[in-house]
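Every heavy atom of this structure was used, including side-chain atoms; hydrogens, water molecules and symmetry mates were not. Below, read A as the first sequence line, B as the second, and so on, with proteins coming before strands; counting in each chain starts at 1.
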Protein chains: 2
Amino acid sequence: MARRSEALTRARIVDAAVELLDAAGEGGLTFRALSQRLATGPGAIYWHVANKDELLAAATDAVVDAALTDEPSAASPQDAVRAVALGLFDAIDEHPWVAGQLSASSWQATTPRIFESVGRQVRALGVPQREWFTVASVIVQYILGAAAQNAANARILGPDVDREAFLGTVSTTWEELDPEDYAFTRTVADQMREHDDREQFLAGIDLVLTGVTTTHPPR
Amino acid sequence: MARRSEALTRARIVDAAVELLDAAGEGGLTFRALSQRLATGPGAIYWHVANKDELLAAATDAVVDAALTDEPSAASPQDAVRAVALGLFDAIDEHPWVAGQLSASSWQATTPRIFESVGRQVRALGVPQREWFTVASVIVQYILGAAAQNAANARILGPDVDREAFLGTVSTTWEELDPEDYAFTRTVADQMREHDDREQFLAGIDLVLTGVTTTHPPR
DNA sequence: ACCTGAACACCGTTCAAGT
DNA sequence: ACCTGAACACCGTTCAAGT
């Protein structure tokens, strides 16, 4: 499997890192495991990459870049936002470790790309210019925040656990909470069991977009 | 400083863990550092706490619990949501490591408390019952997501970096992006330099709440 | 029941030495 | 210029031994 004939490049290292992260999670990325997969010593990697943080940032960048390559070209700004949001949602769902990174240090390099995609649609919605930064930030925060929490749940689940069984367990736990302290949570326990993550994420996007267009109606 | 006369309890361990996390971040919490601070051996801690994950979850719980103790008792459901949101925002701002935990494994234990607080206000807003879970989830996702990203920025900053200088640097970086690929981001670079995190967070809450009341107008 | 602290397996990172 | 792999300092966790 290991193609030891090919040169050790930064790109090959990042690709292998993504594979390791996908396969075994954040704890699975090890300089030893990585160097074994690349058929070298651990020290070799340090010639191409400064340290583990930089490697994680590069891996995150690679995933987000891939998720954002498809140009929106949608019917409405709303649809374009939905497309960007779903692209990131799916990418994070497929690579759950990305979530932790996006709220970590790679923020600086990766976020402008997301911000730009969303911001153009904010402009297209007719939001007044002095609100552009605020509104675009709020939408990006919701997208990344919701996707991150979704990924966290997926991480608890693990790849081998049955989703329905898990939701059933949580739902049952909720139903057994103190009736007085958790009146609301108990009531919606069955809604939680039957909800669809993707649908709910889109419902959130739509709520935010409705808030935006209501607060800043297009002239 | 170390009160070696007192018994080693789970509560004292968790308190010391919070202090270490506050002082030195996620990397600062070490069983060795912790046991030194508590004047014992590392093994002693394992009698009270199963492992590091459980310890982190307990520390997170402690912080969130403290942030949610003040009952809202606000004029409107909107104000109550703002109060809960700001309480969590400030708690995460003060204990940035909490953000990473909330999107990690402690989700199960801690989230119902937040969910209940927000959910009661969703009910009070007159949202139809079959939408309760969705709407409450969206609000909680925004609160935790936005607070987490804010904390991430604070973590990059570190406690000793000048905030204004940092924002100035980021703003300048944005202004130097490619004019075609990053037309929007460049335009709002100065807005980013002058924004206030707390205000922007509240603006997001209000956008979401407006979206909720517009989509589900109170009868 | 609760604490001690040495020991184990593992990790990120460095660096002299090689090609 | 690029790679090797032993070595260093450190970590989470265990466990026989103590009180």
(message) Gln200(B) vs Thr134(A), test: side-chain hydrogen bond (donor to acceptor under 3.5 Å, both in side chains). Steps then yes/no.
(response) CA-CA 6 Å; Gln200(B) 210 221 256; Thr134(A) 299; 5.3 Å; no
(message) Evaluate Glu54(B) against Arg10(B) for salt bridge (charged side-chain N to carboxylate O under 4.0 Å, His left out), listing each step before the verdict.
(response) CA-CA 11 Å; Glu54(B) 191 188 301; Arg10(B) 196 183 151 96; 2.7 Å; yes
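Following rounding to the nearest Å, Leu55(B) (CG) and dC11(D) (C1') show an atom-to-atom distance of 15 Å. Atom CG of Leu20(B) is separated from atom P of dC11(D) by 11 Å (rounded to the nearest Å). Taking atom CD1 on Ile45(A) and atom C1' on dC11(C), their separation rounds to 13 Å, with Å as the unit. The CG-C1' distance, from Leu8(A) to dA1(D), rounds to 13 Å in whole Å. For Arg12(B) and dC3(C), the CZ to C1' distance is 13 Å, given to the nearest whole Å. dA1(C) atom C1' lies 6 Å from atom CH2 of Trp47(B), rounded to whole Å.
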Hey, can you pull the donor-acceptor pairs under 3.5 Å for the side chains in residues 87-99 of chain A, sequence neighbours left out?
unit_1, atom_1, unit_2, atom_2, d
Asp90(A), OD1, Arg198(A), NH1, 2.5
Asp90(A), OD2, Arg198(A), NH1, 2.6
His95(A), ND1, Asp22(A), OD1, 2.7
His95(A), ND1, Asp22(A), OD2, 2.9
Trp97(A), NE1, Asp22(A), OD1, 2.7

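In this pair, Phe133(B) and Phe115(B) present their aromatic rings tilted. The plane angle is within the 30 to 60° band.
Identified under the ring-ring contact (aromatic ring centres under 6.0 Å, His included) test for residues 12-57 of chain A, with sequence neighbours left out: Phe31(A)-Tyr46(A).
Every stem involving DNA chain C, taken as at least 3 paired positions in a row under the Watson-Crick or G-U wobble test at 3.5 Å, is listed here: C:4-8 with D:12-16, C:12-16 with D:4-8.
With sequence neighbours excluded, the residues that form a salt bridge (charged side-chain N to carboxylate O under 4.0 Å, His left out) with Asp65(A) are Arg113(A). By the salt bridge (charged side-chain N to carboxylate O under 4.0 Å, His left out) test, Asp206(A) is found to be paired with Arg82(A), residues two or more places apart in sequence or in another chain being considered.
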Between the protein and nucleotides 12-19 of chain C, list the N/O to N/O atom pairs that are separated by less than 3.5 angstrom.
unit_1, atom_1, unit_2, atom_2, d
dG12(C), OP1, Leu29(A), O, 3.4
dG12(C), OP1, Lys52(A), NZ, 2.6
dG12(C), OP2, Phe31(A), N, 3.0
dG12(C), N7, Arg32(A), NH2, 2.5
dG12(C), O6, Arg32(A), NH2, 2.7
dT13(C), OP2, Tyr46(A), OH, 2.9
dT13(C), OP2, Lys52(A), N, 2.9
dT13(C), O5', Tyr46(A), OH, 3.2

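Between the CG atom in Leu38(A) and the CG atom in Leu20(A) there is a gap of 8.5 Å [rounded to 0.5 Å].
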